[in-house]
Each structure stands twice: as structure tokens, then as C-alpha cells.
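Notes follow once the structure below has been shown.
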Amino acid sequence: MARNGLADRLYQGEANINIIGRRKTWFIVAAVLVLISIGSFAFKGFELGIEFAGGTSFSVPAQTASGQELTQDQVSEGVDRAIKTVDPAAEIGAVQQVRSTGGGDAYFTVRAPDLTAAQAETAKAALVADLGVKAEDVSDDRVSAAWGGQVTKQAIIGLVVFLILVMAYLVVRFEWRMAVAALSSLLLDLLLTAGVYSLVGFEVTPSTVIGFLTILGYSLYDVVVVFDKVQENTRGITASSIRTYSEATNLAVNQTLMRSINTGLVALLPVGGLLFIGAGLLGAGTLKDLGLVLFVGMGFGVISSIMFAAPVLSALKDQEPKIKAHTARVLARRAAVRSGDVAPRAERQRQPNATDSDEAPALAASSPRPGARPTAKRNTNRSGRPGGAGPRPSGGTKRR
Amino acid sequence: MHPGRQLGVLGLVFVVLYLLVFFAGGASGSFTDRLHPKLGLDLVGGTQATYIASVQGGQDPSKESMEQARTIIENRVNALGVSEAEVVIQGTRNIVVSLAGKSDDQLKDLATAAQMRFRLLVGVTGDVAESAMNPSTATPSASAAPSTSSSAKPSTSASAPVANASPSSGGQGGGEVVKAPSPSTPPSTSASPTATATPAPGSTAAVPGQEQVTAAEVQKKVGATAWAAAQKLTAPVDLSTDAKAGLAYSPFGKLTGPEVNALTPDMQFNIPTISCKQLDDRPNGAIDNVDTKVAACYNGAKIMLDKAPVVGDDISKASAQLDSQNGQWVVSLDFKSEGQTKWANLTRQAFQATSADPCYVAAQTLYSSIEHCAVAVVLDKNVISAPQIQGVLTSTSQITGSFTAVSAKQLADQLNFGAIPVTFTSGPAQTVSATLGIQQLKAGLLAAAIGMALVAVYAFFYYRLLGSVIFLSLILSGLLTFGALVFLGRTVGFTLTLAGIAGFIVSLGVAADSFVIYFERLKDEIHEGRSPRSAVPRAWARARRTIISANTITIMAAVVLYIVSIGAVQGFAFALGLSTVLDLLVVFLFRHPIMTMFANTKAFLSPRVSGLGRVLRRAQTDVKEA
């Protein structure tokens, strides 16, 4: 019982980490990352897969000149080697065996990145030497993107429609400030995930795009859960002067922190499995592409719902006149209590959890939990506990 | 609701789903065969068809029109179901379409141009009998009378601008013509200005090039005499009154489709030895030109159609509908505003025509009872129907014809997606192997197993016995998802690619999220000093709100993307929606009732058994301290 490490406090929803108070820091970090991402989009761009950019399709006979049957793997490896002789960075795409339904000789088609005519000739020569197939049976052809511009265009239209609808929904369900905060956090996720792809130069395939869209839903889900809690904690907040809106938000974030970490882990575990199998055992491919984008995106999703969405919300809320007045009232009251009472102790006690001196003034000396109220005496090293002591149900501290 | 009842509903859902899996939606084969979901191109291979674009004027079609054609074909494939087909342009002239599984039938008509034209019917003449087409000897057989199904009495070929059909009106380009009082006395007075040696340029422009034939070549083939005779025709020759009249034109009966196409529409129509079969053999796109009259066939009669003032592009939306009055499938059309005006004008012209109008005479020949002119609906080379116009149509209109549910939907889709700007001939269907194959599938499933095992271990570690509730509902979700996939694969063609499988694995993990929300709430309630029995309903009421809001957003994303997007994104949206709905089902019908029942047991309170134990103990201590 006395053992109250961070894990335990997390488990109890009492980690009391000051997240909202450091919102300036998070905003700066986010801004820097966004700038880096956008810079990378502009200067580096994306590595588009064959499905997007089109490429060269080789067709290779299924039999060698000496009459031996080739397997799909042999052909795939052969073409891979041949392509690498002209472009060491190139990766081959889909390999298929094609057979006429009316009979006739089977052949393989192999997709490779776009090659110049000269490169294709060199690769073909290498392929003929390598696999021992007849030179005249090997041909190359340019293939277009399988993922047409139309698909992207419609997907973007869909995305925009969705964002408008979801904005409307969140405005009705919560309020416009929460809607703005949720969407900005979503955009941050998407931007940063795309940024990682651009910066590291991971290849973008249709699987990546699908994974990217999955993040969309997941990220909002996460934010909605946090905001739901915030809404509950701040209901009727202006009626009492116990805590400011920002503090209540911070409390909500802390209370849902364990959930966020839990769900983050639970969702990332299968993704990790995919990534491990996809990248570890199979090398490149669909599983790796999907695992990677989900891993990156969901990771950002969990972090941004805590570190970005809630801080944006509190920043927006602090602009609202009603909340502004309320915050001022709470602080005034607190200052009055402190001046006549136990100010230095409150400062000292806060040290273990709370931050350096650069935090927002609203929180500088103010967190309500740390023993500002004399009743919070139960257990000194648990003083970070929200809502003070005693049986929980009391107006302001009521959970969910 | 009583927990038992909710579990009962879930059981019912489960039973119904698996009954559907085994017995509905065209289930066939052995017990295990019925349990196969429809796997995608990447996992099991499929069928591939190549469509080769016709060369126009010796040039490959432009990149833009090929891309446009690719998009339209892709849309048509996607309209077949959520099938994750692949459509690529290969080289400069080929479009390769691949579909999972054995799907030759579906690949057949994908590349038809779908050029729709609405043309006023302005002339009808009989088709020629097979025997009359190929007179083996110089003596035409006496039985060379045309065996038309409609009326053998050809009427005039006349033009639309019309109103006055006096012989003196001849001389307008294409709009000439005289009212022939009797076909047996060919009017030699006015030679049609269009029937000159040069073929109407418009009619050949759309003709594919590789078989392009010039009029001069045809002239050489049929001989100068026959050609000259044909040149003089201004109205169709009626073989029923004068069986020998066709003799002079017999060489035309041997022309191939492309050769016939090199003739002017008037010649195609007027020359009695040109049969419907020859007209049908004309290359694709032969009668697409909107600015010329065209000859075609309908119900076994040769018909002459006017210029096309209304085309498929004027249609804003087409849909297949079942006509409730006669139980026939029709295609309902809505026009764009400009198209609506044109359509109203065309129907007005047909509706208000008087018996003196050539279109009226033509319609009279085709139909026994007639009050108004007919407008032919032409799709590519075929006249779908040529209904009489019963009024000036200023709103939604319907195309009737001998449609089935499938063909009506196909036509509606084709009209909605627009016409392909290039004409294609289709190459042979080929089978293609899987690109990834079974190893990758196995690896994917292995990944799923590992992931699920990790989730289960984590759940047991963190929530103790409550972990078993998570574990059980994951299994349940998995079974429901699988059943739904098998059933949907058969009915709507939902195809599972490796990416899709991975997506479902991930969604199971994400579904575990709603547990965590619930359990964490439960923990809080107990923390606040409630007994487990009262905490469960309270935690549920609050968690439910959160879960519903969050899932609403996901479903919204799925629905919007499904409606708006196409191709792989649409497939993804479908999967996302499916897994979310199933997640909600499991949350409401399994987890909640189980937890309610669980809360009534003693084990629930034991810290060893339940992950809530620690909180429980804490809560009790708190109470004491306070």
C-alpha cells in the first residue's frame, strides 16, 4: 500500500503529471515537428511505389531455353538481381504467372520501378543471362499506376466531407472549441506520420494509404475519449472556485492516462506482431507497409491526444470570457487562502511531480491537489492525488 | 434488460449469421468449401483480360483518353462489388484488368464504349434475307423478297429539319430528299447531294483505323456499275415489289462490316443488298458520330436515324428501376439542365410531328398503331429501343427495352460513369497466379496469432480474470467477422486481400479499446467506494456514452469514404464499417451482460481473481481512513 511508484499512481489514475501547464512546450515541439515535416514534403517528397507512379513490367517466359520450368520465386529473384544491376535501390513489385485460358505458354509478369529504355535493355540482358531464358521471349512494357489519380482524388474528397461532418458532430456533441482541438490534433497526427514517411524515405504503397486512413479513425477515437472525460470534469465548473478549467482538463488527462497507455499498448501489440512478421520474416511487403504506418501513426495518435489535443483545448478555453473570469476568480481565491495560510508548504510539496519554474502562471502556484487544502493530509507521498482525500464522490472531483 | 436476454440476442445473431454462411447467398460445395471467404488477387490469383485500344487515324490514343478510359473501366469493375480489382494501362494501347477468382463473365463487357445517343427515327426499310445477300448466280432467286419481321413496305428516307417534304427541298447537306411516292419508281429527279463518291467525312472519323477502308477501295470491289447505281439511290429499294431490283446492287452484299462502314449512311440504308448482319459487323464506334445521320437495325428492320441532339453526357444520373406497372426493368434517366432542354426539344419534335413528317411515316412503318414519332436510344452499335414519344418530356425519363435486373443496372452504371473515349477490342482472358501466395497469408495469420496472444497476455496480467472477458470477446469478434466475411464475399463480392486481413487484425486490437474504457471506468467507480454490483451499471452507463461517441465517428468515416471514394479506399471503408459495427455488437450484447453477471459473484471481489482487486482494497482502506 505504501508503495506508490509511478506505475501504481498511473494505475490509480493519479499520476498527476502536469501536462496542460506545459502546453507552451508541447506547442513549440509540435510546431517544430510540423515545420520539419512540411519542409520534408517540399524538399524531399515521397518515395512512391509502383502502384502510384507506374513502372516497367517485364514479361518472362515460364520455361528456360533448355525447357526447364521456372518457379515464381526464381523469376522474382532473377528479376530482382537484374534490376539491381541497373538501379541498386530499386525494389520489384508484384510477380504473377499468366496463362491463357485457351492454353498456350505461360509466362511471368514482374513489375519493377520505372526504367529508361537503356536501363531496361541492360536489365533484360542480365535477366537472360541469369535465368537462361530466350532473349526474344523477354519483353518489357511501361505500366501505368494501378492506383489512379481518380482514387486519390475521391479519397481526398471523402476525407474533406468526413472532416466537415465530424466537425459538425463534435460541435453538437461537445462544443466548437473541442471540435477544433480534436481536428487539429488529427491533422497533427497525419502530418507527422506523413513527415516520418517523407523524411525516412519509406516507400508509399496502397497498403500505406489504407493504414494511414485507419489512423484517422483511431486518432479521433482517442481524442474523443479524453474530451468526454474533460467535459465531465468541467461540467458546471464555473459554479465552484476550486479549480480552473485548465486544471480540470489536466485532471481529466491524468485520469484517462492509464486508459490511453493501455489502449495504446493493446492496439499496438497486434500491429507490432504484423511489423515483426512482415519486416522480420518476410522482408518487404504488404504486412510490413501496413504494420509500419500503423505503428507510427497510432503512436503519434496516443501521444497527441494527451500532449496536444487537451492543451489546445485549454488554450482555446482560456480565451473564453466566462472561463477567463472564472480562472481569475479561482486564482484570486487561492491567493487569498495562501497569503493567510500555508503558501510555502504548498510550493514545496509540489516539487516531486510538478515542473520547473517556467510553467504557465495560471498554474505556477496553484495546483489544487497538493495540499493546498489542509484536509489533504492522509498520506504525504500521495499528496498528488486529485481531489484531496476521503471518499471520492464530491461535486468537483466526481469522476466520469 | 436482463443479461440473459442480451446474450440470447447475441446467440441468435450468431446462429443466423452462420446459417447464412452455410445455406444462403449461393452456398455450394462441401462443408468446408462454404467456409471460404473470397480471397483477393494477391492471395489466390485470378483472371485477367487485356483490352486493346483501336488506333485512330494511324495514331495511338492520347495518354489522357487512355487514363480516362482506365478510370471508367475501373469504376465499372468496382460497381460489380467490393472486389479490389486492378486496372492498369500497359504500353500505350492496352488496358489490363485483373479480378480475383474465376471471373471471365464479369470481365466480358467492361470495355464497351457506352456511347449513348438519342436519335429521331426517320426511315425504315426491310432487312435483306440471307439468300438474297449472296446471289450465287446472275439470276436472282425469285424468293429474294426480304423477310423482314416488321413491315416490308419501306417508306421514305427523309430528314428531320423537315416540315415541308416537297421534292424541291432537296439540296440541303444530308437533309435532302424527296418524298418517294412509290419505291418501285425510283425518283431520278434529284440525286442526293450526300451520295457522292466521297464518303461523309463524319461517318468515318470514328472508325477504328486498323481495318480502315476507304470508299475508293469499296468502289473498286463492287465494280463501277453497281457503285454508280447505288450512287443514284435516294430512297431504299423495295425488293418486295420488285424482286429483281436488288440485282444491280448484289456486289454490296459481299462487303464486310468495315467496308460497309466506308459507305455513306444513306447508301448503307438505301442499298437493298446490305443486310442487318453487315451493319452489325461494322466496327465499334461506327455510328457514334452525333453530327450525321446513321443507318442501323432494329427488330429486324433497317432504320435510318437522324443526327443525335442528345447524348449520354447530357445525362446526370441513371438508375435501374423495376417498373411497378408491367414488372419490367427500366433505366430511369435524369438529365443535366442543358441536356434536359435538348431532350425536351427532341421529344417535342417527335411528339408534335404530323403525318406528313418523314419521322411519322417511318414510325408508322415500324409500329402498327402510331400517333407520334419514335426516338431511338442507341448504345454503341445497338439500338436498345425506339419508343414512340408520348409527350414532351421535361423531367425524369425512362428507357424501356428487354432489360433484366443485371443488364439494367449495367447500363445505368455505364451511363453514370460516362462513355469511354476510345474504342477497344478485347483480347483473350488469362488466368494469373497469386502475387503473394499462401505463405504470405500464413505469415499474416501467424502475425495475427502473435498479436492476439500478446493482447491476451497483457489483458490477463492487467485485469486478471477480467482478461478472460476480453479474451472471449476477441474470439467472438473474430468468429463474427469471419462469418460476415464469408457471407459478404459471396453476396456483395467483398474480397479479402492481405492488407484487408491485416486491417481486421488491427481492428480487433482497436476493439479491445472499448474494454479498457469500460474497465477503467469500473475501476474508478469502485475507487469511489461503490460496491461492484452498483459500480457495474454506473460504469456501463458512462462508458457506453464514450464508446458510442467514439464509434459514431468511426462509422461516419466508413460511410463517407464508402460513398465518396472508389477502388481500394472503398474496400477499406467497407471493412472499417463492418468491424466497427461488429465491435458495437460485441460490446452491447456480450461484454455488458457478462460483466453484469460477473459482478454478482464473489470472485469478482477477490483481488487475486479480478483486476479490480487492488482498487477494491484501496477503496476499503480509504473508507477506513476517512
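Because the structure is predicted, anything quoted here is derived from the model rather than measured. Proteins come first, then strands; the chains are lettered A, B, ... in the order of their sequence lines, and each starts at number 1.
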message = With a 4.5 angstrom heavy-atom cut-off, is it the side chain or the backbone of B:Ile89 that approaches chain A, or both, or neither?
response = both
task = Name the region of B:Thr71, side chain, backbone, both or neither, that has any atom closer than 4.5 Å to a heavy atom of chain A.
result = side chain
remark   = Closest non-hydrogen atoms of A:Val98 and B:Gln48, given as atom of the first, atom of the second and distance, are CG1-NE2, 4.1 Å
message = Which atoms of A:Leu268 are under 4.5 Å from chain B, going by heavy atoms: the side chain, the backbone, both sets, or neither?
response = neither
ask   = With only heavy atoms counted, which part of A:Tyr107 is less than 4.5 Å from chain B, the side chain, the backbone, both or neither?
value = side chain
remark   = Tightest non-hydrogen contact, residues B:Arg545 and A:Asp228, listed as NH2-OD1, 3.8 Å
query = Tell me, side chain or backbone of A:Leu294 under 4.5 Å from chain B's heavy atoms, or both, or neither?
reply = side chain
note = Value for CD1 (B:Ile563) from CD (A:Gln154), rounded to nearest 0.5 Å, stands at 12.5 Å
remark   = Separation between CG (A:Leu170) and CD1 (B:Ile553), nearest 0.5 Å, reads 4.5 Å
key: From OG1 (B:Thr552) to CG (A:Leu220), nearest 0.5 Å   = 12.0 Å
inquiry  = Show the nearest heavy-atom pair for residues A:Arg111 and B:Val88, with the distance to one decimal.
reply    = NH2-CG2, 3.8 Å
key: CD on B:Gln90 to OG1 on A:Thr109, rounded to 0.5 Å   = 7.5 Å
ask   = Do other residues, nucleotides or ligands put more than 12 heavy atoms under 6.0 Å from A:Phe212 CZ?
value = yes
inquiry  = Using 0.5 Å steps for rounding, measure from the CZ atom of A:Phe227 to the OG atom of B:Ser549.
reply    = 13.0 Å
note = The reported gap from NZ in A:Lys229 to CZ in B:Arg542 (rounded to nearest 0.5 angstrom) is 8.0 Å
task = Provide the closest heavy-atom pair for A:Tyr169 versus B:Met556 in the form atom of the first, atom of the second, distance.
result = CB-CE, 3.7 Å
